Amino acid sequence: MNTEISKLMYKMRGKTLDIKEHKKWKYDNNLCIGCSKNVETENEILACSGFSEGNETNEGNISYSLVFSDNVSDLVRVAKEMRRRLKVRDKILENR
């Protein structure tokens, strides 16, 4: 496990990710950037098809609740998927 994943897991557990649900003061609305239909939460980012690139899919529908699991492999799996989807989200934000 690398430092980037560890930091992301810490932010995920502490609910300090830069997403609309956590930083309502920063954004004009709380709709998901990927689909513009649902509230942008951690689970929405993991489930939204707007954040998948090409034929990639959410590995077995990873749930955000696994972040609070004691199983390290689940934690790392969720963090890697979240990191990948947050990078796609950042690209969408840059192009707006």
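The model shown is predicted, which means the values in this text are computed figures rather than measured ones. Reckoned from all heavy atoms, side chains included, excluding hydrogens, waters and symmetry mates. Each residue takes its place number in the sequence, starting with 1.
- In this structure, Lys11 NZ and Ser6 OG are separated by 12.5 Å, a value rounded to the nearest 0.5 Å.
- By the rule that hydrophobic residues join a cluster once side-chain heavy atoms approach within less than 4.5 Å of another member, Leu31 and Ile45 end up as members of separate clusters.
- Among all heavy-atom pairs drawn from Arg13 and Ser69, the shortest one is NH2-O, 3.1 Å.
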- Item | Stepwise side chain to side chain contact (heavy atoms under 4.5 Å, CB included) check, Glu21 with Val39 | CA-CA 7 Å; Glu21 184 65 17; Val39 174; 3.2 Å; yes

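- A salt bridge links Glu81 with Arg84: the closest approach of a Lys/Arg side-chain nitrogen to an acidic carboxylate oxygen falls below 4.0 angstrom.
- When side chains are defined from C-beta on, Leu17 counts as touching Leu8, because their heavy atoms get closer than 4.5 Å.
- One hydrophobic cluster holds both Met82 and Phe68 under the rule that ILVMFWY side chains link at heavy-atom gaps under 4.5 Å.
- Linking Ile, Leu, Val, Met, Phe, Trp and Tyr residues whenever their side-chain heavy atoms come within less than 4.5 Å places Ile19 and Ile92 in a single cluster.
- Side-chain contact between Lys80 and Ile5 is present, with heavy atoms from C-beta onward closer than 4.5 Å.
- Annotation: side chain of Asn43 is in contact with side chain of Ser63 (closest heavy-atom distance under 4.5 Å).
- Annotation: side chain of Cys35 is not in contact with side chain of Phe51 (no heavy-atom distance under 4.5 Å).
- A side-chain donor from one of Ser73 and Asn71 sits under 3.5 Å from a side-chain acceptor of the other.
- Taking both residues in full, the closest heavy atoms of Arg85 and Leu46 are given as CZ-O, 3.3 Å, listed atom of the first, atom of the second, then distance.
- Taking 4.0 Å as the cut-off between side-chain N and carboxylate O, Asp18 and Lys26 count as a salt-bridged pair.
- Side chain of Asp74 to backbone of Asp70: no donor-acceptor contact under 3.5 angstrom is found.
- Applying the salt bridge (charged side-chain N to carboxylate O under 4.0 Å, His left out) test to Lys15 and every residue at least two apart in sequence or in another chain returns Glu42.
- Within the 4.5 Å cutoff, side-chain heavy atoms of Arg96 are placed close to those of Ile33.
- Listed here is the closest heavy atom pair of Val78 and Ile62: CG2-CG2, 3.1 Å.
- Under the 4.5 Å side-chain criterion, counting only non-hydrogen atoms from C-beta, Cys48 is not in contact with Glu40.
- Taking all atoms of both residues into account, the shortest heavy-atom contact from Leu66 to Arg77 is CD1-NH2, 3.8 Å.
- There is a side-chain donor-acceptor pair under 3.5 Å between Lys20 and Asn29.
- Applying the salt bridge (charged side-chain N to carboxylate O under 4.0 Å, His left out) test to Arg83 and every residue at least two apart in sequence or in another chain returns Glu4.
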